[in-house]
Q: 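The structure's right below; bear with me while I get my questions together.
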Amino acid sequence: MLNQEKNRIALISVTGDPAAQIGKEEAGGQNVYVLQVGLALAKLGWKVDMFARRNSPEQSAIVQHHPNCRTIRLTAGPEEFINRDRIFSYLPEFVKAFQKFQHREGIQYSLIHTNYWLSSWVGMELKKHQPVRLVHTYHSLGAVKYRSVRDLPDIASTRLATEKACLETVDRVVATSPQEEQHMRALVSRKGAIEVIPCGTDIERFGQISRQEARQALGIAEDAKTILYVGRFDRRKGIETLVRAVGQSSLRDRENLNLIIGGGYRPGQSDGIERDRIHGIVKELGLDDITSFPGRLGRSNLHLYYAAADVCVVPSHYEPFGLVAIEAMASRTPVVASNVGGLKFTVVREVTGLLAPAKSDRDFAEAIDRILANPEWGSELGTTGRLRVELAFSWDSVATRLAYVYNQLLSEPIPVSTPSPAVAA
Ligand code: UDP
């Protein structure tokens, strides 16, 4: 007898392992989202299984995060790190491993929430063999990303076709910002059902410590004008814009300037290469003395860096949502962000921070300088940012809204249908 409990859900995130260390090896917002949504749903009484691809033989096959929430790692392809652009051909193995897992455990999921286009392909394949409701979050849209990429990867056409099939056939697509919804409609398809539910942040982890205490803990001087970047080392994150902004004379002449660029990297890999490139620009501009690279920030120190900063800068070329901005806001730190995508939604101009055109060193320099020049205004922006996050972006509120959608879908009979053919692997 198959167990098809109503409050059971599978979150599939082939490439974004929720149990991974965040901040390196392509592990960023998607991993955080899946884990936090999973945990918050478990608190609401859901039985949550999160599935990712195993990328090292040392990784445990199952990680239990909470009595009702676990990560299950399935073997699909070699158990080693594989770049996202090369995973597609291993997806049929992932589908088989998922089906075997269901069989072994005597479970059949009636509800699957997939994350990133690769997982949507898995979801659509599974739907050919079992009655299931599918919900999908893109996290990044090829249709947006490829607009600014000169050499398209070989996988580009498959990704675009899968994203379109997904939007047109799954039961609900979750856009994390109204801007992402607009992009889906303008660039992917007019068909399909979209619900806007934002990402969240941990309001108990961030915002519990004062700037002074955080600075003491990190050894940052009280009078240091601290500018913080947090995130992966990837060209599209626009770290170069931030460094060049700090290099503008309006800013660099300020006393006690302190630039912190936080994020993990692996020497010789794409993030290590970008980190070296950024360090090269830091040296070229003579900013070595005021710049530090503390590496990956984690459980023990991320909240301290956010609290210690006078301003947190998110200079991305594009973000469908951008968790770092709301983490900084939850920590009462004003944000200067690119005027793009989800950042236009989370950061309220002149109220919780400032927005500047992406890639514009001069505008970023001006915005950062305005905040550093007026610390009282900076803390007002920070206080309002915290309020905005409490009202709109806690994981509990996000999970409650997702659960509402899930329950709606599960209350209707699930048709045993075959979606329009996804792209063959
Ligand atoms: N992050 C982290 N440690 C680091 C760098 C990043 O924990 O050293 C986390 C960061 O706090 C955020 C996530 O990685 O939760 C990045 O998410 P975001 O949406 O900003 O960007 P993405 O990586 O998804 O492009």
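Order of appearance sets the numbers: ligands from 1, and atoms from 1 within every ligand.
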Q: Do R159 and S140 have side-chain N/O donor and acceptor atoms under 3.5 Å apart?
A: yes
Q: Does the side chain of Y138 pick up a donor-acceptor pair with the side chain of H183 at under 3.5 Å?
A: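 No - no donor-acceptor pair under 3.5 Å links their side chains.
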Q: Just wondering, more than 12 heavy atoms not from R362 lying within 6.0 Å of its CZ?
A: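 No, because the 6.0 Å sphere around CZ of R362 holds 12 heavy atoms or fewer from other groups.
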Q: Distance-only, no hydrogens or angles: does the T114 side chain make a donor-acceptor pair with backbone N or O of G123 under 3.5 Å?
A: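 The answer is no, because no donor-acceptor pair under 3.5 Å joins these two groups.
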Q: Does any N or O of ligand 1 fall below 3.5 Å from an N or O anywhere on G29, backbone included?
A: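 Such a contact does occur with ligand 1.
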Q: Are more than 12 heavy atoms from other residues, nucleotides or ligands located less than 6.0 Å from atom CG of D154?
A: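 Counting other residues, nucleotides and ligands, CG of D154 stays at 12 neighbours or fewer.
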Q: Mark up the atoms of ligand 1 that fall under 4.0 Å of a heavy atom belonging to E327, in ascending order.
A: 10 (C), 11 (O), 12 (C), 15 (O)
Q: Under a 3.5 Å threshold, yes or no: a donor from one side chain and an acceptor from the other, between H113 and Y406?
A: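 Result is yes, a qualifying pair exists.
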Q: Got more than 12 heavy atoms from elsewhere within 6.0 Å of NZ, K145?
A: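 Correct, the count exceeds 12.
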Q: Ligand 1 versus V32, non-hydrogen atoms closer than 4.0 Å: side chain, backbone, both, neither?
A: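 Side chain only; the backbone of V32 stays clear of ligand 1.
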Q: Out of R299, R232, Q36, whose heavy atom is nearest to atom 23 (O) of ligand 1?
A: R232
Q: Below 4.0 angstrom from a heavy atom of L297, which ligand 1 atoms are there? Numbered from 1 as shown, please.
A: 2 (C), 3 (N), 4 (C), 7 (O), 8 (O)
Q: Select one of side chain, backbone, both or neither to describe which atoms of Y306 lie under 4.0 Å from any atom of ligand 1, heavy atoms only.
A: side chain
Q: Do you see a donor-acceptor pair shorter than 3.5 Å between the side chains of H303 and S331?
A: no
Q: Going by atom types only, do E180 and S177 share a side-chain donor-acceptor pair under 3.5 Å?
A: no
Q: Can you list the atoms of ligand 1 that are under 4.0 Å from a heavy atom of L302?
A: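 Once the distances to L302 are compared, the set is 7 (O), 11 (O).
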Q: Is the closest N or O pair between V324 and ligand 1 shorter than 3.5 Å?
A: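 For ligand 1, there is an N or O atom that lies under 3.5 Å from one belonging to V324.
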Q: Where's the contact between D234 and ligand 1, heavy-atom distance under 4.0 Å: side chain, backbone, both or neither?
A: neither
Q: Can you sort out which atoms of ligand 1 are near K237, meaning under 4.0 Å from one of its heavy atoms?
A: 21 (O), 22 (P), 25 (O)
Q: At less than 4.0 angstrom from any non-hydrogen atom of R296, what atoms of ligand 1 do you find?
A: 8 (O)
Q: With a cut-off of 4.0 Å, which atoms of ligand 1 are near a heavy atom of G263?
A: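 Those of ligand 1 that fall under 4.0 Å from G263 are 8 (O).
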Q: With respect to atom 18 (P) of ligand 1, which of L323, N301, L343 exhibits the smallest heavy-atom separation?
A: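 It is L323 that holds the nearest heavy atom.
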